[in-house]
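Down below is the structure, laid out as structure tokens.
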There are 2 protein chains.
Amino acid sequence: MLSKADAEAVRAQNRRLVIDHFRHQPVSTRRRMSAVTGLSLSAASSIASDLVRVGILSESEPVDRQRSRGRPEVGLHLRGAAASVAVLKISVGEIAVSLADYQGQVLAALRRDVDLSALSADAFVALARSVLSDGLETLSPQHGPLRQVVATVQGVTDGAERRIIWSPILKPRGIDLATPLEALTGARVRVLNDCGVMPERFRWGNEIGSPDFAVLFIGFGVGMGLRLSGRTFRGAQSSAVEFGHLNHIPGGDLCRCGNRGCIEAYAGDYAIWRAAKGASPSLFEKRVPDAAMKDLADAAREGETAAVLAFERAGEAIGYGLGRLFTLMDPLPVVFIGSGAEAMDLLEVSIRRAIKASAIDGIGADTPFVVMSDVDKVTLEASTTLALAALDEAFSTAASGPVEEAAE
Amino acid sequence: MLSKADAEAVRAQNRRLVIDHFRHQPVSTRRRMSAVTGLSLSAASSIASDLVRVGILSESEPVDRQRSRGRPEVGLHLRGAAASVAVLKISVGEIAVSLADYQGQVLAALRRDVDLSALSADAFVALARSVLSDGLETLSPQHGPLRQVVATVQGVTDGAERRIIWSPILKPRGIDLATPLEALTGARVRVLNDCGVMPERFRWGNEIGSPDFAVLFIGFGVGMGLRLSGRTFRGAQSSAVEFGHLNHIPGGDLCRCGNRGCIEAYAGDYAIWRAAKGASPSLFEKRVPDAAMKDLADAAREGETAAVLAFERAGEAIGYGLGRLFTLMDPLPVVFIGSGAEAMDLLEVSIRRAIKASAIDGIGADTPFVVMSDVDKVTLEASTTLALAALDEAFSTAASGPVEEAAE
DNA sequence: GAGACTTATTCCAAGCCTCGGAAAAAATCG
DNA sequence: CGATTTTTTCCGAGGCTTGGAATAAGTCTC
């Protein structure tokens, strides 16, 4: 719905613009900011001074001391101590926490090995609280107040970003994680699907070179995050984009989710293993070790037929899925990540062949693929970026000083 | 990308708000408008008077003459003569044109039977020009200037909304239709996929009761339009949402598009006919008459096995497609339209069963279905709405009088 | 070392826009 | 015909951006 605009909205929008500039240009000056944003020098200066006053920006020595003549420019950058954010990554064997300041500097990181498989909802929440709590202990008063927490988990989360509707790594369903963590921290907490946030990792860079792209995780499961027209896609009611459970073949192989024919049932670690080794379906109760998958990939590289076929089948499932996605929303560059992405040499040909077979005119069969490593790092960075972006938004619209008032 | 805001942007935004109000409330007053939009009485009044001055709004007698006391309210409504729009619907056997004024009143409508199948690009463009030209003859000077043209066609159009990339009803590919029509009319021309615009039909009403929904056309082909978070979805490079060519079964039945296994190859008229009658694949060179499909449906209703199975197969393909769509972007209410929608009694059970089998947890199997009739009317209304919405946008941002200047 | 020269910021008056409240307009009621 | 009621318009205040003038803070030149 449209909403009315007034002078306050103008200021908010321009503050947003300025803060966003510092996400792209960590150290800048009033003058440069004016040029980049298109704001007049006066407006840019006024907003900058305002933000310094309320503690969102800091002034510092300029970096660029090449130009000799003239009054030296005053360096400006986001003030780390303006606030801090926490991200919580809940995955199969562990819970990881990472803290960052407003500038994006990582303040602390820790992880705890846990077995979530048998926990009740309450026990799980208590465990999450405890791990997050441990992380917060490392925050000292010199750090800014914790303002945002982002928790990610494999599975489906709700559209309000508060509950875990369903996760393959948890027995109970519909767990409200946001409320107890908000009670613990006093900060805003958002609960999201882990793959869904991944595109955020590229929010402020231009690594992909397109405002539209997909991030495809292939590992113990298969998941996707979409960025469309520069916005990370989320469904209205849930985290959506359940690419791993996009049906590949009606009535096909059995998937962890209980349905038949999901992409994951062909391309997840357990599915590739199952296809190559003829293991029983109950295999997906536990993870296939990364090392075992590596060995399997090596076997395929050496030409072992069953292994080769298993990877080809996986590539075909992924390719048909991408072809279907492209049919619905045009071809996108795809970032591959996760242990499965390590085997891209075994998958790429069949992926592209399947896209060709399933998309109109074979469109998208030549879309750019990017392979990235270190999923854990990418996920944590993505969550941190999302948390910081939410803070930016809050700081933009806050009528008065959002952090601390003038007198200090 | 974010853009800076200033006083002008504020005015533009609030004008947009006011114009939009009149789309929902065709006859209103300054006071009511102020209440609904949230603008102060002064601002609302100022904008309204402004719009009257430049000829976008007209004043008239109030409708509601119940309330007796007090100064009578001045009725306000969009001024039809502010501009006019044309829509061009290019389909298998005919080209239809419809003209409407800025208020949405239809000024004229005509159709011409044509055979497009053998035409060259130039001949096709000449024909389209000629039909549109005939339509424009009916415009008299008392009507506002033609400002927007929307042409719809079955097939894929480009993201810039100028070209027909590929259409099953035309031999040549990549036809630039916008440029010649702009030369003819002097108005902005947009070329779009016919099904893609359908959701526009519901832009200003609340018939669906949700900002997210899908319109699914089932007939000689299968097509879809999506509305997500109150915006009609379009791909970055093309019209996208080629639901009919979403792959249903890898390597499955042959489709008109040349691929195998598309939904259309199971659920299009020709596919149902083919399945029931065992006709040759080349059948899809020409349309199955609506009457023949009706007879087939009646046969199925009377229990003729081949017919029943053909419709069930169609429903299954559609249901799997919807399940896949819902897996990617959450369940949506679906509006069914087209000759295939007449057979919903034969399709619904298998559609819902297939959704259940293909979406996680069967989510969306109970999503609301709405059946509408008269595709042609809906398409023309949808295109008209889209054209008017573009005009609204242009009138909102125009700094000064967009139609005619004060003196008149 | 002082004045000229440069470049970055800040200050200021002008122009828009919205807002709230007062004033004006246009009917009906008694 | 005056009082009352309800809708609009008018007016001053306050916030924001803008362009240009003024100020600040260095380097360069002689």
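Within every chain, numbering begins at 1; the chains are lettered A, B, ... in the order of the sequence lines, protein sequences first and strands thereafter.
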How close or far is atom [atom2] of [N] from atom [atom1] of [X], stated in whole angstroms?
X	N	atom1	atom2	answer
A:Asp50	C:dT10	CG	C1'	14 Å
A:Met33	C:dT7	CE	P	21 Å
A:Arg71	D:dG26	CZ	C1'	10 Å
A:Arg69	C:dT6	CZ	P	6 Å
A:Arg15	D:dC16	CZ	C1'	13 Å
A:Leu51	D:dC16	CG	C1'	15 Å
B:Arg31	D:dT5	CZ	P	14 Å

For this session: With rounding to the nearest 0.5 Å, note down the distance linking CZ in A:Phe22 to OH in A:Tyr102.
Result: 10.5 Å
Exercise. Rounded to the nearest 0.5 Å, how far apart are CG of A:Asp50 and CG of A:Leu57?
Worked result: 10.0 Å
For this session: Indicate whether OP1 or OP2 belonging to D:dT9 is found under 4.0 Å from a side-chain N or O atom of B:Ser45.
Result: yes
Exercise. Any side-chain donor-acceptor pair under 3.5 Å between A:Ser46 and A:Arg11?
Worked result: yes
For this session: State whether a side-chain donor-acceptor pair under 3.5 Å links A:Thr179 with A:Arg162.
Result: yes
Exercise. Which is true for A:Arg30 with a 4.0 Å heavy-atom rule: it touches a base, it touches only sugar-phosphate, or it touches nothing?
Worked result: sugar-phosphate
Exercise. What string of B, S and - do you get for nucleotides 15-21 of chain C, 5' to 3', when a contact is any protein heavy atom under 4.0 Å?
Worked result: -BSSBBB
Exercise. Salt-bridged, B:Arg227 to B:Glu200, with N to O below 4.0 Å?
Worked result: yes
Problem set entry | Ionic contact status for A:Arg234 with B:Asp330, cut-off 4.0 Å | no
